[in-house]
Amino acid sequence: MNPVFFVALVAGKLCALLIRILAPRRGTNIPGLIAVKIDKKFLTRVQGIDPAKTIFITGTNGKSTSTNLVVHTLKSAGLSVCSNLEGANMQPGVATALLGATTLGGRFTKDYLVLEIDERSLGLVCADLKPGHLCVMNIQKDQVQRNGEPDYIFQKIRTVVSSLSNLSIYLNNDEPRSLALADSWREGLKVVTFSVAKNSRSSVMEADWGVTMPCPRCHDALEFSHMTIAGMGSFHCVSCGFRSGSAATVIDSVDYATSTFTSESVSYHLAYQAAFFVYSCSLCLCLAAELGVDTDKVVKALESFENIGGRMESFTYSGKEIFYVRIKQENPETLQSAFDTMAEDSHTKVVSLGPDIVSDFVPHYSNTFYTFDCNLEPLISSGVERWVCFGGVTAWDTANRLRYAGVPDDRIVIVDSDDTQQILDALVACKTDKVHLITWMKMYTDLKERAHER
Amino acid sequence: MSVDAKVNLLWLWPDILNLHGDRGNAMAFQRIGHLCGVEVEVTRVTQLSQGFDLEKADIVLLGSGEIVVLLRIIEALSGNPQLGSWIDDGGVLFAVGTTGSALGRVIHRRDGKIAGLGLLDMESHERKMILGDDLIYKTQDMTIYGSQVHMMDVHLGPSQSSFGSVTYGYGNNGGSDEGAVRQNLVYTNALGPVLVKNPWLVVDLINRALVRRGIAEEDRLVCDPALFRFELASAEAIQRFNDSKEKPQWARG
């Protein structure tokens with residue numbers, strides 16, 4: 001064994017052990033960070049990783065949940081799996097996951113390696129670890145301060161796909177950029193697609209102001225006959241003929257009322273109501289079929305699936321029940337999904353919006369333009385008593401977005417402050433007891449703590 | 001005040017030039033125009049091969065798009081040979097973000113050059129690193145507030161005037177220049193959507209169209225601050241935030 005690798009392995013394992021003893025809830029990245037620091041080639045030197053049993057899951061939205069679901073399904077089928085379910089999805093996170101599944105002799109001990117990979121880090125990770133299966137959930141607008149535009153990520157993933165051999169790629173048939181990766185087809189590359197058919201939550205484009213996206217192949221305008229989620233659905237390009245085709249795996253019907261869906265006449269349990277989750281299920285069925293996992297085992301796995309961090313967050317304050325819907329910063333699709341989830345609640349409600357400054361790194365900035373990518377009509381017509389817009393910098397912009405969607409001024413309450421007490425007071429002043437809240441995680445935690453203090 | 005004639009807005013390729021909530025700019029023309037007493041009729045041009053009639057247009061809107069679509073946009077705009085003379089005649093064209101580069105002379109991508117339309121004397125250079133920040137700048141008459149996601153640095157030629165002067169942010173290339181202007185062709189890096197956040201700029205652009213139509217000064221739009229309470233409060237909050245925040249090295253202001 002390479003001596004540098006051995007030192008890295010021992011140091012990483014010791015670090016992981018120490019963290020487990022001293023701070024069990026922290027340190028997802030640190031053991032792997034140390035191992036990679038000591039041996040830059042750490043990932044390449046682990047023995048016994050079979051590319052045919054190595055699955056990478058990437059894309060803009062839904063990769064964590066999909067990874068959780070795939071891991072759960074394989075484990076339920078009696079297979080052992082190494083994964084980075086704790087969340088770190090870049091090189092050090094991958095190394096941390098491997099440290100827990102590698103003997104001191106440097107040998108990988110599990111049947112499968114299933115990793116969520118950050119779409120920007122995919123190239124770096126693939127330089128060291130070759131997957132036999134690469135799943136792309138979607139390529140959408142996200143964190144523009146880092147990514148600029150979706151094509152930036154599309155090109156990165158396409159470069160990786162072009163560089164790998166003996167690869168099966170699993171593409172979202174309903175998301176144009178993801179499906180366009182099939183254009184990279186060549187000898188040794190197998191393309192498998194997954195899809196979700198039109199269902200009760202599918203929508204058509206807004207009449208006056210609806211917009212789609214450029215065709216990733218010819219860059220002319222794409223048309224959607226319906227969307228299952230914003231930016232995904234049945235599409236075609238009038239100009240070049242690029243279209244969503246017939247996928248290998250299709251979820252034929254979704255019944256949100258009974259929490260079930262069907263594919264090829266088999267009924268499955270739908271553990272979560274979010275439309276993105278249905279795509280995770282579609283990928284899971286698709287992978288299971290390719291890997292030879294029996295359908296009855298998949299049915300059982302889906303019955304018992306519980307997503308890490310998937311619990312609905314809520315707290316009460318002065319008689320108000322406040323439900324938190326988490327979104328990703330600068331990500332219109334997750335914001336749209338949050339609006340759609342809230343619109344499913346037909347009771348009169350208060351909607352509280354605090355998409356404040358973007359603060360991932362310096363410079364922080366006040367971008368809220370992605371809110372104009374979202375359609376508020378279904379939420380508005382679902383019965384909202386008051387719209388409480390808060391945040392020290394962007395509350396007025398949020399309120400203005402509502403005005404543009406047709407919400408009258410007397411329904412809008414503005415708290416142009418980050419003061420948690422002022423925000424809670426504004427919610428208490430509303431008549432309705434049910435509140436849906438969208439804000440960053442930090443603000444949600446602060447609001448919850450303030451509510452518990454009282 | 002009410003202007004009899006409708007203002008015709010030609011919204012070019014809204015599905016393609018749809019990167020940063022750009023439909024908000026088209027909405028702002030209609031909403032702000034209506035608030036100030038002029039109806040703005042929006043005509044969408046969807047497909048690149050679809051022709052468009054500049055004779056019927058008072059204002060042309062080009063939203064921000066991905067760099068990869070620029071070549072097709074340049075081809076489609078070149079397909080209308082009247083564009084240059086329409087601009088010389090005072091036609092109002094408003095272009096946002098990276099799409100503005102299509103109006104310049106040359107776009108330097110990392111893997112080659114693309115010839116632009118040459119309507120503006122400027123060149124664009126694709127950046128290695130993406131830059132995102134707020135952007136605040138002054139024109140002769142107003143202050144504009146927005147955000148910027150910069151993927152190409154822009155350098156103006158000697159004959160080219162900038163649209164504004166940066167007071168906070170990066171602008172065209174980290175200097176004081178922001179955007180470019182030639183008669184009523186205005187290009188800005190500011191997103192927001194910029195017209196939603198700056199209704200005073202909408203009023204200015206509509207008035208440019210009304211001047212071209214020969215509408216008398218007393219019938220042009222007036223910017224009534226009482227109508228723009230939300231936008232003014234937003235501008236104040238964003239100015240305050242940027243005055244006090246930790247700034248990157250390159251930011252002016």
Side-chain angles (χ1 to χ4, degrees), chain A residues 141 143-152 154-155 205-206 208-216 218-224 238-239 330 332 357-358 360-374 391-401 403-405 409 412 414 416, chain B residues 13-28 31 42 46-49 63-69 71-73 98 130-134 145-151 169 191-194 196-197 229-238 240-242 245-248 251:
Chain A
K141 295 178 187 179
Q143 290 188 292
V144 291
Q145 198 181 20
R146 264 185 5 143
N147 297 338
E149 53 185 33
D151 186 63
Y152 177 76
F154 174 75
Q155 299 300 344
M205 221 167 68
E206 294 157 82
D208 294 329
W209 297 108
V211 284
T212 63
M213 59 179 284
C215 170
C218 77
H219 313 310
D220 209 338
L222 276 185
E223 289 183 7
F224 279 77
V238 176
S239 195
E330 299 187 292
I357 54 165
V358 178
D360 282 346
F361 47 81
V362 173
H364 298 177
Y365 77 140
S366 64
N367 170 17
T368 54
F369 51 66
Y370 55 93
T371 62
F372 273 85
D373 287 324
C374 296
V393 182
T394 58
W396 294 98
D397 284 342
T398 307
N400 209 19
R401 173 66 189 99
R403 274 179 150 185
Y404 270 79
D409 284 5
I412 301 172
I414 297 170
D416 56 348
Chain B
W13 311 303
D15 301 307
I16 303 167
L17 303 177
N18 167 30
L19 191 54
H20 298 305
D22 286 87
R23 64 182 181 158
N25 286 324
M27 291 174 177
R31 177 181 163 80
V42 179
T46 306
Q47 299 293 328
L48 288 167
S49 57
S64 62
E66 293 174 296
I67 297 177
V68 74
V69 307
L71 188 59
R72 296 299 309 275
I73 296 299
T98 305
I130 296 150
L131 183 151
D133 198 357
D134 284 333
Y145 299 85
S147 298
Q148 178 172 14
V149 176
H150 210 55
M151 301 192 67
L191 311 166
V194 61
V196 170
K197 288 172 78 107
R229 192 168 59 90
F230 282 29
E231 293 87 344
L232 287 165
S234 160
E236 198 181 311
I238 285 164
R240 201 169 48 236
F241 165 64
N242 281 291
K245 78 179 183 184
E246 185 185 347
K247 295 176 180 65

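Quick note on labels: first sequence line is chain A, next is B, and so on, each numbered from 1. Keep in mind that what you see is a predicted model, and the values were worked out from it rather than measured. The figures that follow rest on heavy atoms only: side chains count, while hydrogens, waters and symmetry mates do not.
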Using non-hydrogen atoms only, which part of [X] is less than 4.5 Å away from chain A: side chain, backbone, both, or neither?
X	value
B/Gln148	backbone
B/Val194	neither
B/Leu232	neither
B/Met27	both

Measure [X] against the heavy atoms of chain B and call it side chain, backbone, both or neither at under 4.5 Å.
X	answer
A/Glu330	neither
A/Val393	both
A/Glu206	side chain

So which heavy atom on [X] is nearest to which on [Y], and how close?
X	Y	answer
A/Gly148	B/His20	O-CE1, 3.6 Å
B/Arg72	A/Cys218	NH1-O, 2.6 Å
B/Gly132	A/Pro363	O-CG, 3.4 Å
A/Ala221	B/Gln47	O-NE2, 3.8 Å
A/Trp396	B/Phe230	CB-O, 3.6 Å

Interface residue of largest heavy-atom contact number with chain B, from [options], under 4.5 Å:
options	value
A/Cys215, A/Pro150, A/Gly392	A/Pro150
A/Glu149, A/Gln155, A/Met213	A/Glu149
A/Arg146, A/Gln145, A/Arg403	A/Arg403
A/Asp416, A/Val358, A/Val362	A/Val362
A/Pro216, A/Ala399, A/Ala395	A/Ala399

Heavy-atom pairs under 4.5 Å with chain A are the metric here; pick the option from [options] that has the most.
options	answer
B/Gly146, B/Pro193, B/Ala237, B/Ala235	B/Pro193
B/Pro248, B/Ser234, B/Ser49	B/Ser234
B/Glu236, B/Glu231, B/Arg240, B/His150	B/Glu231
B/Ile67, B/Leu131, B/Thr46	B/Ile67
B/Gly24, B/Ala233, B/Pro14, B/Ser64	B/Ala233
B/Arg31, B/Glu246, B/Lys245	B/Arg31

Q: State which residue, out of B/Val69, B/Ile16, B/Asp15, fulfils the side chain to side chain contact (heavy atoms under 4.5 Å, CB included) condition with A/Asp220.
A: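 Output: one option passes, namely B/Ile16.
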
**Q.** Residue that, paired with A/Tyr365, satisfies side chain to side chain contact (heavy atoms under 4.5 Å, CB included) out of B/Ile238, B/Asn242, B/Val149
**A.**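 Result: among B/Ile238, B/Asn242, B/Val149, B/Val149 is the only option passing the side chain to side chain contact (heavy atoms under 4.5 Å, CB included) with A/Tyr365.
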
Q) Are the side chain of A/Asn367 and the backbone of B/Ser147 linked by a donor-acceptor contact shorter than 3.5 Å? A)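 Not at all, since once roles are kept as given, no pair shorter than 3.5 Å links the two residues.
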
Let me confirm one number: the [atom1]-[atom2] distance from [X] to [Y], rounded to the nearest 0.5 Å.
X	Y	atom1	atom2	answer
B/Tyr145	A/Asp397	OH	CG	12.0 Å
B/Arg23	A/Trp209	CZ	CH2	9.0 Å
A/Asp151	B/Met151	CG	CE	8.0 Å
A/Lys141	B/Asn18	NZ	CG	4.0 Å
B/Arg229	A/Asn400	CZ	CG	10.5 Å
A/His219	B/Leu71	NE2	CG	8.0 Å

Q.
Could you go through B/Phe241 and A/His364, starting from their C-alpha distance and side-chain angles, then the distance that decides it, and tell me whether this counts as side chain to side chain contact (heavy atoms under 4.5 Å, CB included)?
A. CA-CA 10 Å; B/Phe241 165 64; A/His364 298 177; 3.9 Å; yes

